[in-house]
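Just so it is clear, the model here is predicted, and its values are computed rather than measured. Just so you know, ligand 1 is whichever comes first in the structure, and atom 1 is the first atom listed for that ligand.
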Amino acid sequence: MPECVFCKIASKAIPASIVYETADVVAFKDLTPRAPFHVLVIPRTHVAKLSELEDEALGGKLLQAARTVAKNAGHADNFRLVVNNGDSAGQSVWHLHLHVLGGRQFTWPPG
Ligand code: 5GP
Ligand code: ZN
């Protein structure tokens, strides 16, 4: 899937502000941050969306990475995790990603 922008970020074919990486996941700053802290956590392997994720262990690793990046940025106990899955949920990049947002007060319900 060489045309996938997040695959390219994971392989470092295109630059991103990477804040954390392991053998399985990469986390980098969102290009258009919606909060003072806004990082995307992705699997290195291409999975189009959460509803297509079959590897349960990888799901756990993504959650663990989200927790770690929030903690490393000083938001251990106050952050929001968002996964937009599919068109009607607002997904625009078709490589699974967890939004980790922090640094401000969030409202509920989301738009
Ligand atoms: P979605 O709407 O699919 O849930 O979120 C996609 C996110 O990816 C958006 O917040 C958007 O700002 C971010 N994004 C899209 N292209 C790039 C890129 O090339 N680099 C980075 N760092 N973020 C991107
Ligand atoms: Zn991809």
Q: For the metal site, I want the angle between atom SG of Cys4 and atom ND1 of His46 with the Zn ion (ligand 2) at the apex, to 10°.
A: 110°

Q: For Phe28 together with Phe6, are the ring centres under 6.0 Å from each other?
A: yes

Q: Is the distance between the ring centroids of His95 and His97 less than 6.0 Å?
A: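 Not under 6.0 Å, so no.
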
Q: For the Zn ion (ligand 2), what is the closest N, O or S atom on His95?
A: ND1

Q: Would you find a donor on one side and an acceptor on the other, under 3.5 Å apart, between the side chain of Arg44 and the backbone of Thr22?
A: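 Checking the backbone N and O of Thr22 against the side chain of Arg44, a donor-acceptor pair under 3.5 Å is found.
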
Q: Non-hydrogen atoms closer than 4.0 Å to ligand 1: which protein residues do they belong to? List them by chain and number, please.
A: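 Within the 4.0 Å shell of ligand 1, which is judged on heavy atoms, sit Val5, Phe6, Ile9, Phe28, Lys29, Asp30, Leu31, Thr32, Leu40, Asn84, Gly90, Gln91, Ser92, Val93, His97, His99.
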
Q: Between Asp30 (side chain only) and His38 (backbone N and O only), is there a donor and an acceptor less than 3.5 Å apart?
A: no

Q: Taking NZ, NE, NH1 and NH2 as the nitrogens, is one of them in Glu21 or Lys12 under 4.0 Å from a carboxylate oxygen of the other?
A: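 Salt bridge flag = yes for Lys12 with Glu21.
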
Q: I'd like to know if the side chain of Glu52 reaches the main chain of Leu96, judged simply by a donor and an acceptor atom lying under 3.5 Å from each other, with no hydrogens or angles considered.
A: no

Q: Aromatic rings Phe37 and His75: how do their planes relate, parallel, tilted or perpendicular, breaks at 30° and 60°?
A: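 Ring orientation of Phe37 relative to His75: tilted.
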
